[in-house]
2 protein chains.
Amino acid sequence: MGIDAADVESNWARAAARLAACGIRVTDQRLQIASILLGEPQHLSAEQIAEALRRDGARVSKATVYNTLNLFAARGLIRQLTLDGSCAWFDSNVAPHYHFQDEQTGALSDVALRDVQFSRLPAPPPGMEVASIDLVIRLRRRG
Amino acid sequence: MGIDAADVESNWARAAARLAACGIRVTDQRLQIASILLGEPQHLSAEQIAEALRRDGARVSKATVYNTLNLFAARGLIRQLTLDGSCAWFDSNVAPHYHFQDEQTGALSDVALRDVQFSRLPAPPPGMEVASIDLVIRLRRRG
DNA sequence: ATGGCTGCAAATAGTTTGCAATGAG
DNA sequence: CTCATTGCAAACTATTTGCAGCCAT
């Protein structure tokens, strides 16, 4: 039970529609990257995306991978995460949410907004308001 | 009402004591960096520390700045923060706490542990436990 | 004395940019 | 046809590392 041609095609078509909806001109490279990333909620680095492209036989330069991811992020199609200085992560889930991160492996998973509730939060300094809240729950193997 | 020689000396002595307490061999460069960073709770980048050293007339190579900060962090004297990919921040407050960050300026300030309370947190995946929680509240000018 | 520090410069990793060639509308 | 997009390589930034000489113990 694999992925058949119809799946690929609808995945492609959906990606194309989303690009068009954001006013992003549709090209082969952008479609390939969109269909890798936007299919399901996931967290990928630029390097992982480049690798997936190579695996699919696509020839996309690293510069184009970065340019495309930055464009997608600027248009709100994806969200860029910084978890440690090593590299940027691109999150296909743009709805507000938080993250778990496995300390050992670095693996990320989503935490739904409703699974975190604050009974107390500090008042922002005068003249400021909260723009967003980033929450990362680091996990270790229980011992 | 400036900083007089006695202040500098006691700051130095305090820094030397803290290094020794962590089993870190005391050297001029380490003392200089420690007395810049450990005097009060603050968040500095490696570049800002290098600049402060130059301003004080100290000659410390950038490599030594990094090596020293990494050593301090490994010994628990300071904590390294990653807020965006641009650079690492070194926090002299090692007690558990959270942060405000001004979106415009990037400026950081501490949020005390007691000013944040969770009434709901997600259960960690099976076999995992929470190692730590990183919380960054991004602020924008109210408008 | 001796082993840990330091400075310098070179290496590294991730990301961005300049520019000529290509492709979409 | 015209301007946006791409690929390549070079540039850049933050950080790390190798190594010869220096310094704390």
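Put simply, B:Leu38 and B:Tyr66 are part of two different groups of oily side chains (I, L, V, M, F, W, Y) that touch within less than 4.5 Å, one to the next.
Heavy-atom minimum distance, B:Ala112 versus B:Tyr98: O-CD1, 4.4 Å. In terms of heavy-atom proximity, A:Ala58 sits nearest to A:Gln32 at CB-NE2, 3.4 Å. Here the closest heavy-atom approach between residue A:Val26 and residue A:Ala20 is recorded as CG2-N, 4.5 Å.
Atom CD1 in B:Ile33 sits roughly 13 Å away from atom P in C:dC5 (whole-Å rounding). Taking atom CD on A:Gln29 and atom C1' on C:dA21, their separation rounds to 13 Å, with Å as the unit. At whole-Å resolution of the value, CZ in B:Arg25 and P in D:dC22 are 17 Å apart. Distance, B:Leu71 CG to C:dG4 C1': 11 Å, rounded to whole Å. Per the geometry, CG belonging to B:Leu31 stands 11 Å off P belonging to D:dA24, to the nearest Å. In this structure, B:Ile24 atom CD1 and C:dT6 atom P are separated by 11 Å, rounded to whole Å. Going from atom CD of A:Gln32 over to atom C1' of C:dG23 covers 15 Å, rounded to whole Å. Note: CG (A:Leu44) to P (C:dG14) measures 15 Å, nearest angstrom.
Remark: B:Arg59 is not in phosphate contact with C:dG7, judged by side-chain N or O atoms under 4.0 Å from OP1 or OP2. Between A:Arg30 and D:dT5 there is a side-chain polar atom (N or O) within less than 4.0 angstrom of OP1 or OP2.
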Distances under 3.5 Å between protein N/O atoms and the N/O atoms of nucleotides 8-18 of chain D, please, pair by pair.
residue : atom : partner : partner atom : Å
D:dT15  : OP1  : B:Ala88 : N            : 2.6
D:dT15  : OP2  : B:Tyr66 : OH           : 2.3
D:dT15  : O5'  : B:Tyr66 : OH           : 3.4
D:dT16  : OP2  : B:Asn70 : ND2          : 2.9

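Taking the six-membered ring for Trp and thresholds of 30 and 60 degrees, B:His43 and B:His97 have ring planes inclined between 30 and 60 degrees apart.
Between A:Arg14 and A:Glu40, none of the side-chain N atoms (NZ, or NE/NH1/NH2) sits under 4.0 Å from a carboxylate O, so this pair counts as no salt bridge.
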